[in-house]
Amino acid sequence: MITEMPDLPEAACRCFDPEDIEETGCVCGDSERVLRAIHRGEIRLTDDQREWCFREIDRVEGYSREEYALSDDGDLANTVLCAWTDFCRDKGLL
């Protein structure tokens with residue numbers, strides 16, 4: 001599902017309390033952790049990363065890059081996460 005990803009910075013896991021992360025590890029992949037950090041405003045997108053987000057949005061039925069062209073980084077990152085979730089629901093994975 002994920003298209004070729006540009007270089008993304010590292011981001012800390014925020015899935016669980018820090019104590020739980022030490023015990024179980026993070027369940028999020030690298031790209032999900034970065035998108036969540038972008039959504040929180042901790043990381044800014046480069047032009048290449050924004051284009052990658054648009055490609056990810058375009059891959060999911062019902063989403064269109066044109067609708068999100070003026071989105072700020074946080075909203076764009078959140079839209080990618082929502083699109084991924086909708087894709088998984090459509091395929092019966094969730």
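In this text the structure is predicted, and so the values were computed from the model without any measurement.
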Considering all heavy atoms, the nearest D72-R50 contact
C-NH1, 4.0 Å
Measure from the side-chain N and O atoms of D58 to the backbone N and O of R65, and report whether any donor-acceptor pair falls under 3.5 Å.
yes
Starting at CG of D47, measure out to CH2 of W52 and round the result to the nearest 0.5 Å.
15.5 Å
Is any side-chain heavy atom of E32 closer than 4.5 Å to one of L81?
yes
Below 4.5 Å, heavy atoms only, C-beta onward: do H39 and L76 meet side chain to side chain?
no
Heavy-atom nearest pair, I38 first then A77, reads CG2-CB, 3.6 Å
Rounded to the nearest 0.5 angstrom, the CG-CD distance for L45 and E51 is 11.5 Å
Do you know which two heavy atoms are closest between F54 and Y68, and how far apart they sit?
CE2-O, 3.6 Å
In E66, E61, E67, the residue satisfying side-chain hydrogen bond (donor to acceptor under 3.5 Å, both in side chains) with S64 is E66
Between atom CZ of R36 and atom CD of E42, what is the distance when rounded to the nearest 0.5 Å?
12.5 Å
Show me the donor-acceptor pairs within less than 3.5 Å that the side chains of residues 86-94 make with the rest of the protein, sequence neighbours left out.
unit_1, atom_1, unit_2, atom_2, d
D86, OD2, Y63, OH, 2.4

Among T85, T79, N78, side-chain contact (heavy atoms from CB on, under 4.5 Å) partner for C82:
N78
For a 4.5 angstrom cut-off between non-hydrogen side-chain atoms, does L35 reach C53?
yes
